[in-house]
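Shown next, in C-alpha cells, is the structure this report addresses.
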Amino acid sequence: NSKVDYEVAVGTGQVKVPKLAGLTVTEADKKLRKKKLTLGQVTPTPTNPDTQIVKTQVPEAGIKAQEGSAVNVFLEVPEAATTAATTGAETGKKGGNAGKLALAGLAGAAAASQLKGAGLSPAEVLQFSPDVKKGDVIRTDPEKLDGLPAGTKVTLFISAGFPDIAFDFGGNVFVMGGASGKPAKPVAKTGDLEEQPAWSPQATLIAYRRGDDKQGQIWLVDPAKPQSAHPLTEKGFDDRRPAFSPNGKVIAFVRGTPGADYDLCFIRADSSSGKPRCIVDPDHNVSRPAWAPDGQAILVVSSDSKDAQQVELLEYTSPKPSSGKPPDWVSQGLVTDNMHGHGPGEEVVSAAWSPDGTQVAFTANWKTNVVRLFLAPAKNDQVGKGKPVEAVQGCEVSWRSDSGELALTRRDALCDQPGTIVRVDPASPETQVVLTKAGASNPAWNPLPPGR
C-alpha cells in the first residue's frame, strides 16, 4: 500500500518540417498531415492540386515547428507566368523593385510571396501585437526595402495575435483579451469566493482559490470547460495563492492553519489525496509564491522575523527543478532586506520573475506611501538591487510570456481594495492601457509564447 510517485515522459510537441519541393499540392498536404502539420497559404492559388508542383516553402525543410502549425508553399508556374517575377528579381539586383513593396498589414504568406518575387529572401518571426490581425505583417527588418541586393534576407514580423489575461472580479474568475480587456468570460463563477488565478505552463488549466474569507481550497479548472472545476486540496485550511511549477506538475501555494502563520506548501497537480507537503517555518509568515523559469528558485512575500514592521522577499532555492518536496528547498534569506531603508511599514507586496529569467518585477512602498513597480536584474536565480520604474503604481504583477509587458493591479495606497488592471511596457512606462473597470485584481497572463 506504499505510495509510489512516477513521471511520464511527454513529447516536446515539435516536429521537423518535411521537404515539400517537387511534390504536388495534394502530396504535400498528405505529407504534412503525417507529420501533424497543416498546409498553409498556397501561392499562387492552385487550379489543379493534383498536378501543380511545390517549388519552395516557408518555413524551410528541417526546421522544427510546433505540431498543428502551418507551412506555406510557393508553386512552380509556367515560364510565361514567371516573367514578371523574373523581371522583379533582376530589378531587385539593381536595387529598384523592392522599393515598391508595401507589406505592412498583408498576410504573412502574401508578403513572403512578394519578397520572393522581388528576389529577396523572407524569414518569419512571430510577435505579439494588440493592433495587427493575427497572421498579418507588423513590420520588416530592414524597414526600407528599396535598393536591396537580390537574395537579401528580410525578416517579416508576423502578428501572433495577443494573449489573454485571467483575473478575478467580484468574487469570480474571468479570462479577458489582453489587448483591450474584451471580451471577459467567466471560468469560475459560483456563490463562493473565487480568486487568485494562475495558469498552467501549457495554458490548459487554471488554479485558483475557492472558499470564503477564513477558509479556502485550491481548485483547478480547464478554462475551455468551466464544468471541469474540481478541488485539489483538502478542506479545513486557508489555502491561497497557487502557482504552477515551470514543468506544470507541481503547484506551490501557501496554507494557513488556525492559530498559526502561513507556510509554503506543494502539491502535485494530479494529486487525488488533497494532502500537500509544507515547509513549516514559524519564523516567517509567507504569501504569493513565484517560481523562477528554471524551477530552481521560488520567491515568497515574507514577514521579517527581526522587524515586525517590515515585509520582504524571501528566496528558496533547490538543486532539483520544479521539486514538490520540502527537503529539497533551502532558504536564502530575505533578498530585499538591504535594498531599502527600514522605516516602519515598508513592505513588498508582490513579485514575478520575467519568463526569460533576466529580471524580477516586484511592487513595494519603499520611501513613499504608494506601492510602486520596481525592476531588479536577475542572473542564475540571484536577484540584484531593484530600481523603481517611474510613474508606474500597482500591487499584483504578472509578466507577459515574451517578457515584453507587465499587467498590474492599480489599487488603493495599501493594496487592500480591488482596483483596475492595466498593462504597461516597462521600457515605455508613460503609456498604460486600462483593461478593466474598478473591482478587478490578480492578473495572470496566458503563459504560451507567440506561435503556440
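Scope of the values below: all heavy atoms of this structure, side chains included, with no hydrogens, waters or symmetry mates. In this text the structure is predicted, and so the values were computed from the model without any measurement.
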Does Val254 form a side chain to side chain contact (heavy atoms under 4.5 Å, CB included) with Asp239? I'd like the steps, not just the answer.
CA-CA 6 Å; Val254 297; Asp239 297 338; over 6 Å; no
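- Summarising the geometry, atom CH2 belonging to Trp353 is positioned 10.5 Å from atom OG1 belonging to Thr358; distances are rounded to the nearest 0.5 Å.
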Before giving the answer on side chain to side chain contact (heavy atoms under 4.5 Å, CB included), spell out for Leu314 and Leu299 the whole-Å C-alpha distance, their side-chain angles and the decisive distance to 0.1 Å.
CA-CA 6 Å; Leu314 171 68; Leu299 290 171; over 6 Å; no
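- Counting only N and O atoms by type, the side chains of Asp131 and Ser129 include no donor and acceptor under 3.5 Å apart.
- The two residues Pro122 and Leu115 make their nearest non-hydrogen contact at CB-CD1, 3.7 Å.
- No donor-acceptor pair under 3.5 Å is formed between the side chain of Trp199 and the backbone N or O of Phe244.
- Annotation: cation-pi pair Arg241/Phe253 absent, no NZ/CZ under 6.0 Å from the ring centroid and within 45° of its normal.
- The minimum heavy-atom distance between Pro326 and Gly324, with the atom names listed, is CD-O, 3.6 Å.
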Verdict with supporting geometry, Asp238 and Arg240, salt bridge (charged side-chain N to carboxylate O under 4.0 Å, His left out):
CA-CA 6 Å; Asp238 189 15; Arg240 294 176 176 267; 2.9 Å; yes
Given the rule in the side chain to side chain contact (heavy atoms under 4.5 Å, CB included) test, do Lys189 and Val173 qualify, once you have shown the distances and angles that lead to the verdict?
CA-CA 7 Å; Lys189 187 176 182 181; Val173 174; over 6 Å; no
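- For Lys249 and Asp270, the salt-bridge test fails: no basic side-chain N is under 4.0 Å from an acidic carboxylate O.
- A heavy-atom distance below 4.5 Å is not found between the side chains of Asp141 and Val125.
- Under the 4.5 Å side-chain criterion, counting only non-hydrogen atoms from C-beta, Arg410 is not in contact with Ile421.
- Between Thr233 and Ile218, the closest heavy-atom pair is OG1-N, 2.9 Å.
- Checking side-chain atoms of Ser271 against main-chain N and O of Arg268 turns up no donor-acceptor pair under 3.5 Å.
- When atom types are taken as modelled, the side chain of Thr152 and the backbone of Pro149 share a donor-acceptor pair closer than 3.5 angstrom.
- Under the 3.5 Å distance criterion, the side-chain polar atoms of Gln196 are left unmatched by any main-chain donor or acceptor of Arg209.
- Using a 4.5 Å cut-off on side-chain heavy atoms (C-beta onward), Ser398 and Leu406 make no contact.
- Considering only heavy atoms from C-beta on, Gln393 stays 4.5 Å or farther from Thr363 through its side chain.
- Side-chain N/O atoms of Ser441 and Asp168 include a donor and acceptor closer than 3.5 Å.
- By the 6.0 Å contact criterion, CD on Glu143 is open, its count of non-hydrogen atoms from other residues, nucleotides or ligands being 12 or less.
- Relative orientation of the Phe162 and Phe128 rings is perpendicular, given thresholds of 30° and 60° on the angle between their planes.
- Taking CD of Gln217 as the reference point, atom NZ of Lys235 lies at 6.0 Å (rounded to 0.5 Å).
- Every salt bridge (Lys or Arg N to Asp or Glu O under 4.0 Å) that Asp402 has, sequence neighbours left out, goes to Arg400.
- The closest donor-acceptor contact from the side chain of Ser200 to the backbone of Leu205 lies under 3.5 Å.
- No donor-acceptor pair closer than 3.5 Å links the side chain of Thr420 to the backbone N or O of Thr436.
- Pro223 and Val187 get closest at one heavy-atom pair: O-CG1, 3.7 Å.
- The existence of a salt bridge linking Asp29 and Lys31 is excluded, since no basic side-chain nitrogen approaches an acidic carboxylate oxygen closer than 4.0 Å.
- In this structure, Val383 and Phe362 have side chains that are not in contact, with every pair of non-hydrogen atoms separated by 4.5 Å or more.
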Test side chain to side chain donor-acceptor pair (under 3.5 Å) on Glu396 and Thr409; report intermediate values, then the result.
CA-CA 5 Å; Glu396 296 88 12; Thr409 308; 3.0 Å; yes
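- Side chains of Asn446 and Asp164: no donor on one and acceptor on the other come within 3.5 Å.
- Leu408 has its side chain within reach of Val392: a pair of non-hydrogen atoms, C-beta onward, lies under 4.5 Å apart.
- Ring-centre distance between Trp291 and Trp399: not below the 6.0 Å cut-off.
- Atom CG of Asn380 has 12 or fewer neighbouring heavy atoms from other residues, nucleotides or ligands inside a 6.0 Å radius.
- Geometric assessment of Arg139 against the ring of Phe157 yields a positive cation-pi assignment under the 6.0 Å and 45° thresholds.
- A distance of 6.5 Å separates OG of Ser323 from CH2 of Trp329, quoted to the nearest 0.5 Å.
- Between Gly178 and Arg423, the shortest heavy-atom contact is O-NE, 3.0 Å.
- Two residues are said to be in side-chain contact when any heavy atoms from C-beta on lie closer than 4.5 Å; Ser113 and Phe74 meet this criterion.
- For the atom pair CD (Glu195) and CG (Leu193), the distance works out to 4.0 Å, reported to the nearest 0.5 Å.
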Assess whether side chain to side chain donor-acceptor pair (under 3.5 Å) is satisfied between Glu194 and Asn172, documenting all intermediate values.
CA-CA 5 Å; Glu194 291 150 322; Asn172 301 122; 3.1 Å; yes
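- Between the side chain of Arg210 and the backbone N or O of Asp192, no donor-acceptor pair lies under 3.5 Å.
- Remark: side-chain polar atoms of Glu27 are paired, donor with acceptor, to backbone N or O of Thr24 under 3.5 angstrom.
- The salt bridge (Lys or Arg N to Asp or Glu O under 4.0 Å) contacts involving residues 56-74 comprise nothing, where partners must be two or more places apart or lie in separate chains.
- Scanning all heavy atoms of the two residues, the minimum distance from Leu264 to Ala252 falls at CD1-CB, 4.2 Å.
- Taken from OG1 in Thr431 to CD in Glu405, the straight-line distance is 10.0 Å, to the nearest 0.5 Å.
- Rounded to the nearest 0.5 angstrom, Ser159 OG and Lys134 NZ are separated by 8.5 Å.
- Annotation: side chain of Ile267 is not in contact with side chain of Arg277 (no heavy-atom distance under 4.5 Å).
- Within the 3.5 Å criterion, the main-chain N or O of Asp222 finds a donor-acceptor partner in the side chain of Ser228.
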Assess whether side chain to side chain contact (heavy atoms under 4.5 Å, CB included) is satisfied between Val17 and Gln57, documenting all intermediate values.
CA-CA 10 Å; Val17 176; Gln57 64 189 80; 3.3 Å; yes
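- Side-chain atoms of Gln296 come within 3.5 Å of backbone atoms of Pro319 as a donor-acceptor pair (strictly under, hydrogens ignored).
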